[in-house]
Amino acid sequence: MFKGALPGFRDFYPQELAERAFIMATWRDVARRYAFVEYDGPPLEPLELYTRKSGEEIVGQLYNFVDKGGREVALRPEMTPTVARMVGARANALRKPVRWFSMPQLFRYERQQKGRLREHYQLNVDIFGASEVAADAELVSCAVDIMRAFGLSSRDVVVRVSDRRILQAFLESLGVPTDSVPGVYGVIDKLERQPAQVSAEKLAALGVPASAVERIVTIADVGFDEIASRLGGTPSAAIVDEFGAFLRYVPALLGGDTSWLRVDLSIVRGLAYYTGIVFELFDRSGEFRAICGGGRYDTLLQSLGGADLPALGFGMGDVVLGELLRAKGLMRATEAGADYWISGADEVPLERIMEEAARLRGEGRAVEFALREQSLSKQKKAAQASGAREFVTLSNDGTHG
RNA sequence: GUGACUGUAGCUCAAUUGGUCAGAGCACCGGACUGUGGCUCCGGGGGUUGCGGGUUCAAUUCCCGUCAGUCACCCCA
């Protein structure tokens, strides 16, 4: 006998499936409110679709194999290449901006740990063909409204926002050599996970001026005012103005609520393909991994050989979110019981119960009953355990109870 | 891929310095309580103690391996 699922994979018993359905229904509902439309793609893709974007190193993280036709294939680790291909193929025909979302099951061949399995479901929300910063604000607002829809508040979750271009300009204004910027990103990305002393030493080794090291180690505390004053009048001023507009738009979209956003230049998002504003959602306690992350990647479609369309999006997985919801007591999902439990008193034949069940089922009701004649108390106990909402008793004199 | 810790019934756990130690609660099944809220009582099924070796007169309890889990690193979703 097989004892359990493969490592990193989950069996969804009815309770767990109800929770997954609850999460996905909430995702879908909020995405719809923002006028995003749903799409999907194949769970299995050519391996090259991922190596072209991320290089051969990525193969170590992929669930890949050779199929019976000799093709190198991989279970999708992310949705972006797929959606980039789909949008690229019809770039000229699609009404812009394209506002799409999907809830794919994604796969990674990695050793599992808390909040990370080999498989998960991830909401992907993307906008293509919009260079306006209002689009960035729409995405962040959508992510926050999803938190709200789950009953989470800004006391539970914070949105940390940054901009790669501003971070680069900020670092250069501190005297960081341009060549050292990528290395400094790497240090910044690890600030929270290693001692400040270690970070400072690494920065010094990268040629960062002593005067700038301390400011970089505490870069998470840099606010918009400091950014604006330091970069005002420089070539980056227009970008800072855009960032300022973004910081006004998000609260406007949230009905005036300013409590969710926090400027945090330490959000680097994996050094990857992001080109502008980036953001991550974290629980305030710091107990869990990032709940959600995203940003703008204007050059990615073109680099994948597709259309030259600006693009931005975010991903939100079900694993960390589920852990957070359970920790907060907000997982509102239970196995659905039947609408009616039909019982029979005094030797009512099973056929009469079945006929009544058939009648109600014909009306679209969910109906269960004991599959053999039992005492009424037994039936009532079974009905209660099943979670059925109504307990109906048929008796020989034709009455209902 | 590397390291640390862990591994007893579906779940949570127990079992003196290795010697009837394979148990309890919950859950599940059956029965009683003949009736209004998941109460009470009785009974039952279920584990080759992750798996495979080794040490020993004897191992759940010691050693090795392996698989799995947790956490961290790596990396990222």
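What you are looking at is a predicted structure, and each value in this text was computed from that prediction instead of being measured. Below, each value reflects all heavy atoms present in this structure, side chains not excepted, and no hydrogens, waters or symmetry copies.
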request  = Determine the Euclidean distance between corresponding P atoms of B:rA15 and B:rU56; express it in Å to zero decimal places.
outcome  = 28 Å
ask   = Passes ring-ring contact (aromatic ring centres under 6.0 Å, His included), A:F279 versus A:F246? Steps please.
value = CA-CA 12 Å; A:F279 63 94; A:F246 168 80; 7.8 Å; no
query = Rounding to the closest angstrom, what is the interatomic distance between B:rG54 and B:rG7 at atom P?
reply = 23 Å
Pair A:E45-A:T82, side-chain donor/acceptor within less than 3.5 Å = yes
request  = Test the A:R164-A:Y185 pair against the cation-pi criterion, namely NZ or CZ under 6.0 angstrom from the six-membered ring centroid and within 45° of the ring axis.
outcome  = yes
query = How many Å lie between CZ on A:R193 and P on B:rC71, as a whole number?
reply = 16 Å
ask   = Over how many whole Å does the gap from A:L117 atom CG to B:rU70 atom C1' extend?
value = 13 Å
Complementary nucleotide of B:rA15, counting Watson-Crick and G-U pairs under 3.5 Å = none
request  = Scan every strand shown for a Watson-Crick or G-U wobble partner of B:rU55, both distances under 3.5 Å, and answer none if you come up empty.
outcome  = none
ask   = Any idea which of B:rG35, B:rA72, B:rG30 is nearest the A:R289 side chain?
value = B:rA72
note = Of B:rC76, B:rG69, B:rG31, the nucleotide closest to the side chain of A:P7 is B:rG69
message = In whole Å, I'd like the distance from the OH atom of A:Y274 to the P atom of B:rC76.
response = 12 Å
Pair A:S141, A:Y249: side-chain N/O donor-acceptor within cut-off below 3.5 Å = no
ask   = Can you tell me how far P in B:rC63 sits from the matching atom in B:rG18, rounded to whole Å?
value = 11 Å
query = Start at the 5' end of RNA chain B and walk down; is the nucleotide closest to A:S375 or to A:Y109 reached first?
reply = A:Y109
query = With the threshold set at 4.0 Å, does a side-chain nitrogen-carboxylate oxygen contact exist between A:D136 and A:R296?
reply = yes
key: Mutual orientation of the aromatic rings belonging to A:F224 and A:F243 [parallel < 30°, tilted 30-60°, perpendicular > 60°]   = tilted
Sugar-phosphate, base or nothing in reach of A:R10, heavy atoms under 4.0 Å = nothing
key: Whole-Å C1' distance, B:rA72 and B:rC57   = 44 Å
ask   = Counting only Watson-Crick or G-U wobble pairs whose two distances fall under 3.5 Å, which nucleotide matches B:rG7?
value = B:rC67
request  = Select base, sugar-phosphate, or nothing to describe what A:Q112 touches, counting heavy atoms under 4.0 Å on all strands.
outcome  = sugar-phosphate
query = Using atom C1' of each nucleotide, how far apart are B:rG46 and B:rG25 to the nearest Å?
reply = 15 Å
Nearest-angstrom distance from the residue atom CD of A:Q379 to C1' of B:rG35 = 12 Å
request  = Would you tell me whether A:Y50 and A:N64 have side-chain atoms, one donor and one acceptor, within less than 3.5 Å of each other?
outcome  = no
message = Considering every strand and a 4.0 Å limit on heavy-atom distances, what is the contact class for A:Q113: base, sugar-phosphate, or nothing?
response = base
query = Checking all strands, does A:L123 fall into the base, sugar-phosphate, or nothing category for heavy-atom contacts under 4.0 angstrom?
reply = nothing
query = Has A:K380 got a side-chain N or O lying under 4.0 Å from the OP1 or OP2 atom of B:rU36?
reply = no
inquiry  = Over all strands shown, is A:G387 touching base, sugar-phosphate only, or nothing at heavy-atom distances under 4.0 angstrom?
reply    = nothing
ask   = Does A:R372 place a side-chain N or O at less than 4.0 Å from the phosphate oxygens OP1/OP2 of B:rG30?
value = yes
task = Could you tell me which nucleotide pairs with B:rG46 by Watson-Crick or G-U wobble geometry, both distances under 3.5 Å, or answer none if nothing does?
result = none
request  = Report the distance from atom CD of A:E110 to atom P of B:rC71, rounded to the nearest whole Å.
outcome  = 14 Å
Euclidean distance for P, B:rU60 against B:rU48 (whole angstrom) = 13 Å
task = Find the distance A:W341:CH2 to B:rG37:P and express it as a whole number of Å.
result = 19 Å
request  = Could you check which of B:rC74, B:rA4, B:rC39 has an atom nearest any side-chain atom of A:R111?
outcome  = B:rA4
Atom P, compared across B:rG3 and B:rU8: separation rounded to whole Å = 24 Å
message = Rounded to whole Å, please give me the gap between CZ in A:F9 and P in B:rC67.
response = 18 Å
query = Do the side chain of A:D283 and the main chain of A:F288 share a donor and acceptor less than 3.5 angstrom apart?
reply = yes
note = Between A:S377 and A:Q384, the residue closer to the 5' end of RNA chain B by nearest nucleotide is A:S377
C1' spacing across the pair B:rA59 / B:rA77, given as an integer number of angstrom = 45 Å
query = Please give, in whole Å, the distance from B:rU36 P to A:R389 CZ?
reply = 23 Å
query = Does OP1 or OP2 of B:rA72 have a side-chain N or O of A:K114 closer than 4.0 Å?
reply = no
query = Which base, if any, makes a Watson-Crick or G-U wobble pair with B:rC73, both distances under 3.5 Å?
reply = B:rG1
